[in-house]
Asker: 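I am attaching a structure below and will ask some questions about it afterwards.
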Number of protein chains: 2
Amino acid sequence: MLKLSKKTDYALMAVQYMSEKGADRVVNTKEIAEEYNIPGELLAKVLQKLGKKGLIVSQNGPKGGYLLAKSPADISVLSVIQAIEGHVGITECYHNEDSTCMQMPRCNIRTPLRNIQNSIYGLLDSMSIAEMKEFGSATIVPQSRLYGHRT
Amino acid sequence: MLKLSKKTDYALMAVQYMSEKGADRVVNTKEIAEEYNIPGELLAKVLQKLGKKGLIVSQNGPKGGYLLAKSPADISVLSVIQAIEGHVGITECYHNEDSTCMQMPRCNIRTPLRNIQNSIYGLLDSMSIAEMKEFGSATIVPQSRLYGHRT
DNA sequence: ATGGTCTCCGATAGAAATAGTCGGCGACTG
DNA sequence: CAGTCGCCGACTATTTCTATCGGAGACCAT
């Protein structure tokens, strides 16, 4: 229903939080969990996934935690979403590679929806974590935000 | 996970189908269900919802069925989606009016996500069923497709 | 007027995704 | 070498989505 999962929300919050704290500050799971009232063990899994995907870097041991792997300006919102949700698609047939969709043979909305999907992707891909924060205060989304994308 | 439900897919297919058949042709549930291999009883419910929302008009009795209530150019993709899924939001707090989100007090992504959501809405709202069909053959989504939306 | 066809509606069962939990392992710092 | 913290897999609970069932009401043709 076009809704992001809670895990994804948590991921975005965490990344945003780290970006606020600065590049040198090691942040641990508990700290974020308490800040936002997120169940610690669930957030831990989310951060682990972000780590695997190379978006953040982990540091073990006491005083350990996480750091952003790159500058907030270089982390796209889409990359965070995809790190958690895997390959995302607006419909079953774009979401699942080997989907056995009964409607496929005569489907009249497959291609149009792909175009819509690509547009949404373009928006999410073009927006960085750093930009997203600014959007918080901005009231208007710039017009130049959406692109045509080849099918 | 940013995916439309199957019901919504069915709704879009059905509306598209009706638009193809022309304004005067009464289409019944069974016909659409067979064309696209959709479970008949489920499609029936979907069409009923579209009827309630005034997107299509029902005609009872034998030789009954459905007609588009307006021209395909006047039916937005968003209106079809919302007819089936109700109020849609990219996050829980925008999806559910009375959501008790534990992250609310300090949430750092609420407003930015709303802007993103509004952008997506703008796209879906500005696209009609008639246009959607053309997007099926087009390879490029026009640049002018996204707007700024007030928060 | 009546039987067949079709929409309409609520309830419910089954399947799948999501949210959250638990327990043990390994790495690091002081 | 002990405590802290990340790492990982399995597990349960909850919610949402998908699909089905049974019956009521509208309508047309004969």
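So you know, we letter chains A, B, ... as the sequences are listed, proteins then strands, and number each from 1.
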Asker: Identify whether any heavy atom of Gly51(B) sits under 4.0 Å from a base atom; if not, whether one sits that close to sugar-phosphate; answer base, sugar-phosphate or nothing.
Answerer: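 If one applies the 4.0 Å heavy-atom cut-off, Gly51(B) turns out to touch nothing in the nucleic acid.
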
Asker: Distance from Ser79(B) atom OG to Asp74(B) atom CG, nearest 0.5 Å?
Answerer: 10.0 Å

Asker: Nearest whole angstrom, please: distance from the C1' of dG6(D) to the CG of Leu42(A).
Answerer: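 Checked: the CG to C1' distance equals 16 Å.
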
Asker: Answer whether the closest heavy-atom distance between the side chains of Leu50(B) and Ile84(B) falls below 4.5 Å.
Answerer: yes

Asker: Identify whether any heavy atom of Lys49(A) sits under 4.0 Å from a base atom; if not, whether one sits that close to sugar-phosphate; answer base, sugar-phosphate or nothing.
Answerer: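 Since no nucleic acid heavy atom lies under 4.0 Å of Lys49(A), the category is nothing.
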
Asker: Measure from CG on Leu43(B) to C1' on dT20(D) and round the result to the nearest Å.
Answerer: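 Atom CG in Leu43(B) sits about 14 Å away from atom C1' in dT20(D).
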
Asker: Could you tell me from which nucleotide to which nucleotide of DNA chain C, 5' to 3', there is an atom under 4.0 Å from chain B heavy atoms?
Answerer: dG4(C) to dT18(C)

Asker: Decide whether Leu67(B) and Val80(B) are clustered together by the hydrophobic rule: side chain heavy atoms of Ile, Leu, Val, Met, Phe, Trp, Tyr closer than 4.5 Å, transitively.
Answerer: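 Not linked; separate clusters.
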
Asker: Could you check whether atom CE of Met104(B) has more than 12 heavy atoms from other residues, nucleotides or ligands sitting under 6.0 Å from it?
Answerer: yes

Asker: Expressed as a whole number of angstroms, how long is the span from Lys45(B):NZ to dG22(D):P?
Answerer: 14 Å

Asker: Under a 4.5 Å cut-off applied to non-hydrogen side-chain atoms, are Lys133(B) and Pro112(A) in contact?
Answerer: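 They are not in side-chain contact.
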
Asker: Which part of the nucleic acid, if any, lies within contact of Lys52(A), taking any heavy atom under 4.0 Å across all strands shown: a base, the sugar-phosphate backbone alone, or nothing?
Answerer: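 Sugar-phosphate only.
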
Asker: Please state how far atom CD in Glu92(B) lies from atom C1' in dT15(D), giving the value in whole angstrom units.
Answerer: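 Answer to the nearest Å: 11 Å.
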
Asker: Choosing from dC7(D), dT18(D), dA19(D), which nucleotide comes nearest the side chain of Tyr66(A)?
Answerer: dC7(D)

Asker: Compare side-chain N and O positions of Thr29(A) against OP1 and OP2 of dG6(D) and report whether any pair is under 4.0 Å apart.
Answerer: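 For Thr29(A), the contact criterion (side-chain N or O under 4.0 Å from OP1 or OP2 of dG6(D)) is met.
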
Asker: What string of B, S and - do you get for nucleotides 23-30 of chain D, 5' to 3', if B is base contact, S is sugar-phosphate-only contact and - is no contact with any protein heavy atom under 4.0 Å?
Answerer: ---BBB--

Asker: Can you name the nearest heavy-atom pair linking Arg114(A) to Tyr94(A), along with the distance?
Answerer: CB-OH, 3.3 Å

Asker: Please check if Ile129(B) and Val26(B) belong to a single hydrophobic cluster, counting links between Ile, Leu, Val, Met, Phe, Trp and Tyr side chain heavy atoms closer than 4.5 Å.
Answerer: no

Asker: Suppose the criterion is ring-ring contact (aromatic ring centres under 6.0 Å, His included): which pairs have a residue in residues 40-81 of chain A, not counting sequence neighbours?
Answerer: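 Every pair satisfying ring-ring contact (aromatic ring centres under 6.0 Å, His included) with a residue in residues 40-81 of chain A: there are none.
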
Asker: Separation of Lys7(A) atom NZ from dT14(D) atom C1', in whole Å?
Answerer: 14 Å

Asker: One thing to verify: whether Lys21(A) and Glu35(A) come together as a salt bridge, which I'm taking to mean a side-chain N less than 4.0 angstrom from a carboxylate O.
Answerer: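 No, no charged N to carboxylate O under 4.0 Å.
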
